[in-house]
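Values below: every heavy atom of this structure, side chains too, minus hydrogens, waters and symmetry copies. All values derive from a computational prediction rather than experimental measurement. Labels below follow one simple rule: chain letters A, B, ... track the order of the sequence lines, proteins then strands, and each chain is numbered from 1.
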Protein chains: 2
Amino acid sequence: MTQKKSSFQDIRDTVMARIQSRHWPPGSLLPTEVELAEEFGCARATVNRALRELADQGVVDRKRKSGTRVNAAPVKQAVFEIAVVRQSVEDMNAAYRYSLVKREVITAPPWLRARVGVKDDAQVLHLNCMHFADNRPFQFEERWINIAAVPDVIDADLSETGPNEWLLSQVPFSNAELTSTAIAADETLSEFLDVPQGAPLFQMERTTWFQGTPVTFVRMTFHQGYHMRTRY
Amino acid sequence: MTQKKSSFQDIRDTVMARIQSRHWPPGSLLPTEVELAEEFGCARATVNRALRELADQGVVDRKRKSGTRVNAAPVKQAVFEIAVVRQSVEDMNAAYRYSLVKREVITAPPWLRARVGVKDDAQVLHLNCMHFADNRPFQFEERWINIAAVPDVIDADLSETGPNEWLLSQVPFSNAELTSTAIAADETLSEFLDVPQGAPLFQMERTTWFQGTPVTFVRMTFHQGYHMRTRY
DNA sequence: ATCATCCTTATGTCTAGACATAATAACTTT
DNA sequence: AAAGTTATTATGTCTAGACATAAGGATGAT
């Protein structure tokens, strides 16, 4: 059945539709690229691209010689954007304000050394910052920056723009590990975020590396009632 | 400088290295595909694939006629796997146990209708479940399933396997919206998760659609101290 | 039966060339 | 100067064919 639709997107969507409709149920084997190319009346490379995208999405599994199989237990994965605070505040149509609360150079404390893996005597820049949305507390940020990794940070003016934005401009491509949890507001957080002590708060921690060396560790605590949103 | 390295992966990695080393700084324009193909001694299609992958990663922006530009503000995105509860428990080397607490068929309450968009008189299956790790509370799950979307759910045996796993086998490919937040334990949660009332708890809510129709809404509350982890 | 070896096969990648398309630049007309 | 038209250009996609490679299957030796 040689159809005239040719583009790899059509093929990708058609194949996806057949999988969703259980024409090709989970676990089943798809026709070979050559057979599909025949059916769709196109070159094998076109089918290859279509199936490769589905494989990247985790919809199918592909193995040489074995063929292409509908993934029975698709690895559901969500992609969420690591938004800069300013962005997410402005996206809510709120006025963003930033304030540097504290700035000091210290030797990395043991817990930090264990966490990010810097040398015993490593000097770090320790910062406390507040981010506001429409003058209401939005996020309290506590950050440690490995001075050895970004020496320029010593001279950076962090009173106007947050350290996150400064770091992004300096070290745009990095790896990170991220954890989220719920914590109870301690005295400090209660003051900065204007909530009762013990209030449940959403907290994210992120460790960032650039080419293997740790750059920064940040603990971000959000105002009460904050929801992190993502789609997939 | 016609090199002998040819594979698109080599090219992708080389280009990435040049971007990281600021040989091509953020905002700058890369050579055209033809020029790069010359430099690397390969076909343009090979360069195209390399650059396309970098564009997919958000490292570069590509526009017809304009060319390929290093992304100044790369959209940082984290990918986290939507693990089935059983998986994440077993990944911790803990014994997984599941228990169905409550099961009832009800008419969708107004807040749920507003949330997921089902008809006024839609019948939904309402479930409460507990997930344990080594016999300690791990997650309390409250779920509503749109019966019209998956009629078979009425006859499904959900006493042994959780509704999540059952649904995954029935509706493997779906879209979802996901939010995370911190809440204080109310009376019910305090009992089920064995924490004091008011304890800060990590909560995720997920709405799932299949081909446009809402399938299920689930509210998952984790034990105290739970960390959601992800890397990028 | 067990193991090593060769053959077959489906995917993985590359090439050279072609046409399509979006967006800028250059030119023309008003 | 403003607006509309045309050329140019870099990416986007496709093709037909080629060789590479992983892995399953068959074969044969132990």
| query | Charged N to carboxylate O under 4.0 angstrom, B:R49 versus B:E33? | reply | no

| field | Ion pair check, A:E39 and A:R18, cut-off under 4.0 Å | value | yes

Could you state the [atom1]-[atom2] distance from [X] to [N], rounded to the nearest angstrom?
X     : N      : atom1 : atom2 : result
B:L36 : D:dT11 : CG    : C1'   : 13 Å
A:L54 : C:dT11 : CG    : P     : 13 Å
B:L29 : D:dT9  : CG    : P     : 15 Å
A:E53 : C:dG12 : CD    : C1'   : 16 Å
B:K63 : C:dA25 : NZ    : P     : 11 Å
A:E38 : D:dA16 : CD    : C1'   : 14 Å
B:R69 : C:dA23 : CZ    : C1'   : 13 Å
A:F8  : D:dT11 : CZ    : C1'   : 13 Å

Scan nucleotides 6-9 of chain C against the protein and return all N/O pairs shorter than 3.5 Å with their distances rounded to 0.1 Å.
| unit_1 | atom_1 | unit_2 | atom_2 | d |
| --- | --- | --- | --- | --- |
| C:dT9 | O4' | A:K65 | NZ | 3.3 |

State whether [X] places a side-chain N or O below 4.0 Å from either non-bridging phosphate oxygen (OP1 or OP2) of [N].
X     : N      : value
A:S66 : D:dA22 : no
B:N48 : D:dG12 : yes
A:Q9  : D:dT13 : yes
A:T68 : C:dA10 : no

| task | Give a yes or no on whether a donor-acceptor pair under 3.5 Å exists between the nucleobase atoms of D:dG12, that is its base, and the side chain of B:R44. | result | yes

| said: On DNA chain D, compare the nucleotides closest to B:A45 and B:G67; which residue's is nearer the 5' end? | reply: B:G67

Of the candidate nucleotides [options], which contains the atom at the shortest distance from the side chain of [X]?
X     : options                : answer
B:R62 : C:dG12, D:dT11, C:dC14 : D:dT11
A:S7  : C:dT24, D:dC14, D:dG12 : D:dC14
A:R52 : D:dT13, C:dT13, C:dC14 : C:dT13
B:A43 : C:dT24, C:dC14, C:dT15 : C:dT15

| When the ring centroid of B:Y226 is compared with that of B:F202, is the distance short of 6.0 Å? | yes

| query | Can you pull the side-chain hydrogen bond (donor to acceptor under 3.5 Å, both in side chains) pairs that have at least one residue in residues 134-145 of chain A, sequence neighbours excluded? | reply | A:R97-A:N135, A:H126-A:E142, A:H131-A:E141, A:E141-A:R143, A:R143-A:T216

| Hey, are the side chains of B:W111 and B:F217 touching, using non-hydrogen atoms and a 4.5 Å cut-off? | yes

| Student check: side-chain heavy atoms of B:V59 and B:M16 closer than 4.5 Å | yes

| query | According to the salt bridge (Lys or Arg N to Asp or Glu O under 4.0 Å) rule, which pairs have a member within residues 153-172 of chain B, sequence neighbours left out? | reply | B:R86-B:E165

| task | For B:E35 and B:T32, indicate whether the former's side chain and the latter's backbone hold a donor-acceptor pair under 3.5 Å. | result | yes

